[in-house]
Each structure stands twice: as structure tokens, then as C-alpha cells.
Amino acid sequence: MMALLKGVSLLTTVLLALLVALAYWSPPLPDSYRAPLAERLAERLGYRVSIAGLRLGLAGVQPRLNLEQVELSDPDTGAPALSLKALQLDLDLWDSARTRSPQIEALTLVGAHLTVERTAEGRFRLQGLDGLGGGDPRVLEGFWREGRLDVVESEILLRDAVRESRLLRLTGVHLTLANAGEQHWLDLRARPVPPDPLARATRERVPDPSDGGPVRPSLRLSARLEGPPSDPSVWSGRGYLSLDGGNLGLLLPAGLTRAGHLDTERAMIEAWLHIGRGRLAPSSLRLDLQGLRFGRRDREDAEPRRSEEAPDRFPAWHLNAQARLQPSADGWTLRVAGLDLGSGRAGLSGLNLDLSLAPDGAPLGLEARASRLDLADLSTLARASPWRLPETLALLLERRPRGRVHDLSFGLDLTETGADRDAVTAPRWQVSAGLSDLGLDQRAPLPGFAGLDLTLAADQDGGRLRLETEGLDLDLNPTFDRPLRLDRLA
């Protein structure tokens, strides 16, 4: 008996060695295998399958079947759905022998060009692959229960189906989805590029301070999800996303840059995501933007800049903030807490913002609140704006406003222009604030003053202003060569 067992063990070892050796040399398989395999895959996937070649290889010690130049097309119309450089099937040798049928342990897509659409319901789907599995998610339930999906050397385009706009393009994609019952792990690494190949170029390439080369953006997404293998569209869980790159302006959807363009020298964005039944739930973000520059949108009827508005007049800004993104009935709401914004000349901190966005990212409204701000810093930042200021405001800034702003509240409503965003219509706005120790330089014929307290409330239709002070210095030069002191004004 012992001799028989040794003989069987030796025979098994020899057969395995022969199989491994055969797979190692990765021989092409006869063409007679292609048609039956394509038919079997078509039955499982619900698409017509075309295979240019077959080759047997190894993935570690497991056999790997390489399907070369694979194309999936609609079985009724023949419309192409997916083209792959290769489709790799890693076979579970022992389970295949036990069940007497091929058992796939892992599936790898090589050279795929995928389009992911965000639907009106807020879900995501693979464009053109709605019939995967014959339209029945239970067909792939076994794979979503125990299988592993890898996507390498591929590209993913993210689109908004409602607005028919491109949101983001990822190249050099390496994606892994591992499944174990109702537990699922996702890991994605990619390089984001402009969503539209015709996106504008930057004014210059900004070198990376660490190595002197251009900053290459990188994206990383890791998520742990839970849900039934029979329906991946209702999975829920949490994830972490990080974007580390150079010019964020090239990666933004067109809806966010209609009023002008944006450039950054370095951008770091982190997000802690919550996903509920296949939809993005309220999630937290951290933004760190350096070398931030704004510019006006180029228009044929745009007024040219005055000669004194040289490019170096507009300094690089920095922005740091914690934010929370949540879906709303009209699109998205971005709540920013403790915004730190400024340049080398001045800065603002402690500003809270609520930004309403359309599904494609176009701004619909803004609310800003701050308990205390320095008016001199506000004036410095306003003078550094790349957009042409109203003449009245420009003349006011020339008088060097100073003082303290408290209890600031500002609202801007752009929803009326949402139907026709190219139309030039005045938005609705409102502002209220208190100012203490307000001062302006004298500019003939207007006097200068310092020490004025006031409160104001205004909107696009008008407003009210209340003045009071217990010590006002009034500059009436040259009528009086010294400031006049007023003990009380109301």
C-alpha cells in the first residue's frame, strides 16, 4: 500500500511539473479552442465575444489563460461595447479538477478603455455594458462572491449622463477588486489628465520643488464595501481618496471654470468617503492648494487689461480648508469651515462658506460668514484680483480702507442664470456686516477719516447704513491743515 501511495504521489508530481513546464513556455493554443470558449463567455457575459488568439501561461504557480485582442459587442445590434488588448483568466487548478469544469480565480482586463457614467439617480454604471451577465446580476454572483478583478494599463473616463459632460479622465489605471462573501475591497491607482483632450494649456509648466521636474498628478482610492454579491449596485461602505498633483485647473470640469480659469503649482486633496447603497453620501475633504492663480475667461468682447495690469500684479495665492461635500436636490453642497486664503501680501482666516453646485459642477450660489476680518487685508486681496473691478470699488480701494469687519454675512444667488449661463444677467445678492474703526485716506474732493463705526445691510435693490462713533478724525486738507476731531457722530 505504501508503495502504491508513493507511486501515485510521484505520478501526480510529474504531471504537475509537466503542466507547469508547459505553461511556462506560454504556447499558443489551437484555433479550434477559440470558438467554443467565445461561445461560453458570450453565454456568461451576455455579449458577443470575439477572440484573436489564445495562449497558456502562469500567474505564480496557477495556470493563466490569455485571450488576446478581445472584443465585446451587442448581440442584437453588433455595436462595440468593449475592446481589450488582452483578457487574462487565472484558473483555480484544484477547484477545476474537483468540479471538472474551469473555475476562474481572477479576471484581468489589459488595455481597457472604460466609460463610467453618473446617472440622474446618482448611481454609477459602465457605459455600454448594461447587459453584462445578460442583464441579470445573479449570473456573476459567484465571481462577486469569491473572485478578483484586476484592470491594468487601462483608461477610465468619468461622465455625467444628465449634463452630457466629461468630469475626469484617468490613465495608467491599476485597479483591484477583491471579493469574499459580502466583503469587498477596492484599490485604484491612476494618473488624472484633462477630461477633454482639447483642454486649454497652462501658461507655463511649474517644476516640482523636490526634484526639479514637472509635477505629475497621481490619484489613489481605497475602499472597503459591504453588500450582497448578487447586486453590486447597492454596496455600501467607506473609502479614502487622495489627489496629489500640479495644475488642478486642468483637471476641473468645464462647469467650474466658466467664469475664468484656475492654475495651481501644487494641489493636495484628501477625501474620506461614505457610500450608501451605491450613492455618494456626505463625505469630508481636506484641501491644500499652493501657487493658486485665477484668470478671466477669454472672450472676444473682453476688454483688454490696462497697461499697468502686468501679470506679476496678480500674486500666487494659497488655500487651506476643511470641507464637507453632500448631495442635494439641485446637485451638491460644499460646506467649507475655517478657510485660510491669502497671498504673500495679506491673508484671511476663519471664513466659513456654503457653495451650491449643479450636477456638472457649475456654481449656483454662495453663502459666506465670518465673525471677524481685517479690512486692510480684504482690500489688499481685492486689489490683487485678476478680474476687472467696478469703477466705484476701484476708487474706494485707492483710498486704502482699514478697520475691522465683524458679523459678516454674504449671499449670492446664481440660480436665475442657470438656464442660460452664457447670458449676461445680474445675480441676486445680499450682504450685512458691522465695521469698527473704519478709515479712508483723503482724496480730493472727498475727505478722509478714521475711527468711524457703522452697520450696513444691502442687496441688489438698495440698503441701509447706520453711522455712529465716539471719536472721529476728519481730514479736510487743504481747507484745514490738521484733522478735525469729532467727539460724537450719529
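We're numbering straight along the sequence, starting at 1. Here the structure is a predicted model, which means the values were calculated and not measured.
Between L357 and T333 there is no side-chain heavy-atom pair separated by less than 4.5 Å. Residues L355 and V336 form no side-chain contact, since every pair of their non-hydrogen atoms from C-beta on lies 4.5 Å or further apart. Under the 4.5 Å side-chain criterion, counting only non-hydrogen atoms from C-beta, Q430 is in contact with S409. The side-chain heavy atoms of L373 and L408, taken from C-beta on, include a pair separated by under 4.5 Å. Within the 4.5 Å cutoff, side-chain heavy atoms of L170 are placed close to those of L188. The shortest side-chain heavy-atom distance between L114 and S154 does not fall under the 4.5 Å cut-off. Considering only heavy atoms from C-beta on, P327 stays 4.5 Å or farther from L280 through its side chain.
Under the salt bridge (charged side-chain N to carboxylate O under 4.0 Å, His left out) criterion, R48 pairs with no residue at all, not counting sequence neighbours. Every side chain to side chain contact (heavy atoms under 4.5 Å, CB included) that N320 has, sequence neighbours left out, goes to D288, Q290, H318, D340. Residues satisfying the side chain to side chain donor-acceptor pair (under 3.5 Å) criterion with S236, sequence neighbours excluded, are absent altogether. In terms of the ring-ring contact (aromatic ring centres under 6.0 Å, His included) criterion, residue partners of H184 (sequence neighbours excluded) are, by chain and number, W235. Residues passing the salt bridge (charged side-chain N to carboxylate O under 4.0 Å, His left out) test with D377: none are found, sequence neighbours excluded. The side chain to side chain contact (heavy atoms under 4.5 Å, CB included) search around R220 returns D187, R189, S222, S242, not counting sequence neighbours. Partners of E39 according to the side chain to side chain contact (heavy atoms under 4.5 Å, CB included) rule, which considers only residues two or more places apart in sequence or in another chain, do not exist here. D354 pairs by the salt bridge (charged side-chain N to carboxylate O under 4.0 Å, His left out) definition with R335, R369, not counting sequence neighbours. Scanning for ring-ring contact (aromatic ring centres under 6.0 Å, His included) contacts around W185 gives an empty result, with sequence neighbours left out. When the salt bridge (charged side-chain N to carboxylate O under 4.0 Å, His left out) test is applied to E270, the partners found at least two apart in sequence or on another chain are R286. Listed by chain and residue number, nothing satisfies the ring-ring contact (aromatic ring centres under 6.0 Å, His included) test with F410 (two or more places apart in sequence, or in another chain). Listed by chain and number, the residues in a side chain to side chain contact (heavy atoms under 4.5 Å, CB included) with A223 are L186, L225 (sequence neighbours excluded).
Of the possible polar contacts, one joining the Q460 side chain to the W429 backbone as a donor-acceptor pair under 3.5 Å is found. In this structure a side-chain-to-backbone donor-acceptor pair under 3.5 Å is missing from S432 to A457. Side chain of D244 to main chain of L219: no donor-acceptor pair is present (N/O by atom type, distance under 3.5 Å, no hydrogens or angles). Side-chain N or O atoms of D407 include none that pairs as donor or acceptor with a backbone N or O of S371 at under 3.5 Å. S50 places no side-chain N or O within donor-acceptor distance of the main-chain N or O of E71, the cut-off being under 3.5 Å. Put simply, the side chain of T77 never gets that close to the backbone of P75: no donor and acceptor are under 3.5 Å apart. Listed for the T171 side chain is no donor-acceptor partner under 3.5 Å among the backbone atoms of E155. In terms of modelled atom types and a separation under 3.5 Å, the side chain of R34 and the main chain of A52 share a donor-acceptor contact.
More than 12 heavy-atom neighbours from other residues, nucleotides or ligands sit within 6.0 angstrom of CZ on R324.
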